[in-house]
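I'd like to ask some things about the structure below.
Atoms within a ligand are numbered from 1 in the order they appear, just like the ligands themselves. Heavy atoms only: backbone and side chains are in, while hydrogens, waters and symmetry mates are out.
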Amino acid sequence: MTLNPTIDVAYEVDRMFHTRKMRTKSEFYSPGGGGINVARVFVRLGGIARSYYMAGGATGDALDGLLDLHQLVHNRIPIAGHTRVASAVLETKTGKEYRFVPPGPSIRPAEWQACLDELENAHCKFMVLSGSLPPGIPDDFYGRVVALMRRRNIPVILDSSGPGLKGGLEEGGVLLVKPSIGELRQLTGLELITPDEIANAAMGVVHSGQAEHVAVTMGNDGAILANAAGQLFLPAAPIEAKSAVGAGDSFLSAMLFAISIGWDMGEAFRFGIAGGAAAVMSPGHDLARPNDIQRLYQQVSGIS
Ligand SMILES: Nc1ncnc2c1ncn2[C@@H]1O[C@H](COP(=O)(O)OP(=O)(O)OP(=O)(O)O)[C@@H](O)[C@H]1O
Ligand SMILES: [Mg+2]
């Protein structure tokens, strides 16, 4: 489920300037937003996914076209507002990436209600709620979806920030939540410096019953998994970092794919580590590629 999808546009320029025109070298469009990214990697790995998303306006139609191009099965919940366009500009001289992310269209009450109604009919083994809440959606929206899915016995995976993360967890009973370290700090209001502090905060979420498994991702510092079995820290896979775009989404998608084929949580978490690194090593906007994920997984699990 992607409440606030994007059309992602990627460019390359030699140098960033103000005032003068910057001629870009390339132009690349892809369908994006948390849930859509998760679905894209999931399908690349051989899984079956359906994307639910809210979209509207001419840009919403363009998003549909991109989803078709990527052969993704999709259910659009129509809205009056225009789907946002997010851009990423790579300055090739410095290797720096600049990312522009609009807040997205305002959602009307009848529209988010229609979204809840649509989810009443969703048939799936897992429901992934990923991405920020667009303007106009109540803070407890993800909480409402969690309650709805509980009633229908569909486990929920949550990846959001700020009010989206807080509202989703408050309902309780999420299967897996994936806050980045920044998101966990914001959620708890704690500084969380040492690995112990981070693991304890994640364990607090488990003990409160808000989520059964908590995977805290910490960029190139790796990730921590907390659940009833205890805590597991894994360092990041050693790779040459090219672009952080989609690292968290690729991590989550790889981890869920492993869960969906019956792997235990610890091993699925390791597959997620491989997924996150695979996204970071692929240049520009590209998400994790399955061959890279498999190869990195063998590397981090010492199979090779
Ligand atoms: N430089 C890196 N090298 C290797 N692996 C990385 C690197 N950066 C990220 N990863 C992997 O990807 C995972 C997810 O990255 P990260 O913690 O940045 O999540 P995120 O959701 O993209 O963050 P945010 O939501 O704050 O943008 C990490 O836990 C790690 O396993
Ligand atoms: Mg993230």
Over all atoms of both residues, closest heavy-atom pair of P195 and I224: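 That would be O-CD1, 3.8 Å.
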Can you classify the ring geometry of Y297 versus W263 as parallel (below 30°), tilted (30 to 60°) or perpendicular (above 60°)?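 Correct class here is tilted.
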In this structure, does ligand 1 have an atom that sits under 4.0 Å from one of the heavy atoms of A244?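 The answer is no, since A244 has no heavy atom less than 4.0 Å from ligand 1.
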Atoms of ligand 1 less than 4.0 Å from M218 heavy atoms?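 Listed by number with element, the hits are 17 (O), 29 (O).
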Give a yes or no answer on whether the side chain of E183 reaches the backbone of S180 with a donor-acceptor pair at less than 3.5 Å.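 Confirmed, E183 side chain pairs with S180 backbone.
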Using protein heavy atoms only, decide if any is under 4.0 Å from atom 17 (O) of ligand 1.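 So far as the 4.0 Å threshold goes, atom 17 (O) of ligand 1 is in reach of a protein heavy atom.
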Could you check atom 15 (O) of ligand 1 against the protein and tell me its nearest heavy-atom contact, residue, atom and distance included?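 Answer for atom 15 (O) of ligand 1: A247 CB, 3.6 Å.
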Is it the side chain (CB and beyond), the backbone, both or neither of A277 that lies under 4.0 Å from ligand 1, heavy atoms counted?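 Both backbone and side chain of A277 come within 4.0 Å of ligand 1.
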If you measure every N/O of G248 against every N/O of ligand 1, is any gap under 3.5 Å?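 The answer is yes, given that G248 and ligand 1 share an N or O pair closer than 3.5 Å.
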Under the salt bridge (charged side-chain N to carboxylate O under 4.0 Å, His left out) test against E171, which residue among R144, R151, R150 passes?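 Looking at R144, R151, R150, the match for E171 under the salt bridge (charged side-chain N to carboxylate O under 4.0 Å, His left out) is R150.
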Proximity of L234 to ligand 1 by residue part, where a heavy atom lies under 4.0 Å: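 Neither; nothing of L234 gets under 4.0 Å from ligand 1.
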Mind checking whether V280 contacts ligand 1 via backbone (N, CA, C, O), side chain (CB onward), both or neither, at a 4.0 Å heavy-atom cut-off?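 Side chain only.
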For atom 28 (C) of ligand 1, which of G219, G276, A223 has the closest heavy atom?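 Checking each option, the heavy atom nearest atom 28 (C) of ligand 1 is found in G219.
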Residue from N4, D61, L63 passing side chain to side chain contact (heavy atoms under 4.5 Å, CB included) with T83: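 Looking at N4, D61, L63, the match for T83 under the side chain to side chain contact (heavy atoms under 4.5 Å, CB included) is L63.
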Selection from E183, R270, M255, K178 by shortest heavy-atom distance to atom 25 (O) of ligand 1: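 Result: the heavy atom closest to atom 25 (O) of ligand 1 is in E183.
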Examine ligand 1 and decide if any of its atoms is less than 4.0 Å from a heavy atom belonging to A237.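 It does, in that a heavy atom of A237 comes within the 4.0 Å cut-off of ligand 1.
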Go through it in stages, so that I can follow the logic: the residues are L67 and Y53, the test is side-chain contact (heavy atoms from CB on, under 4.5 Å), and I'd like the CA-CA distance, side-chain angles, deciding distance and then a yes or no. CA-CA 11 Å; L67 290 167; Y53 59 101; 3.5 Å; yes
Run K242 and D292 through salt bridge (charged side-chain N to carboxylate O under 4.0 Å, His left out) and show every step you take. CA-CA 14 Å; K242 294 234 172 84; D292 292 332; over 6 Å; no
Starting from atom 13 (C) of ligand 1, find the nearest protein heavy-atom neighbour and note its residue, name and distance.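 Answer, as residue, atom name and distance: F251 CD1, 4.0 Å.
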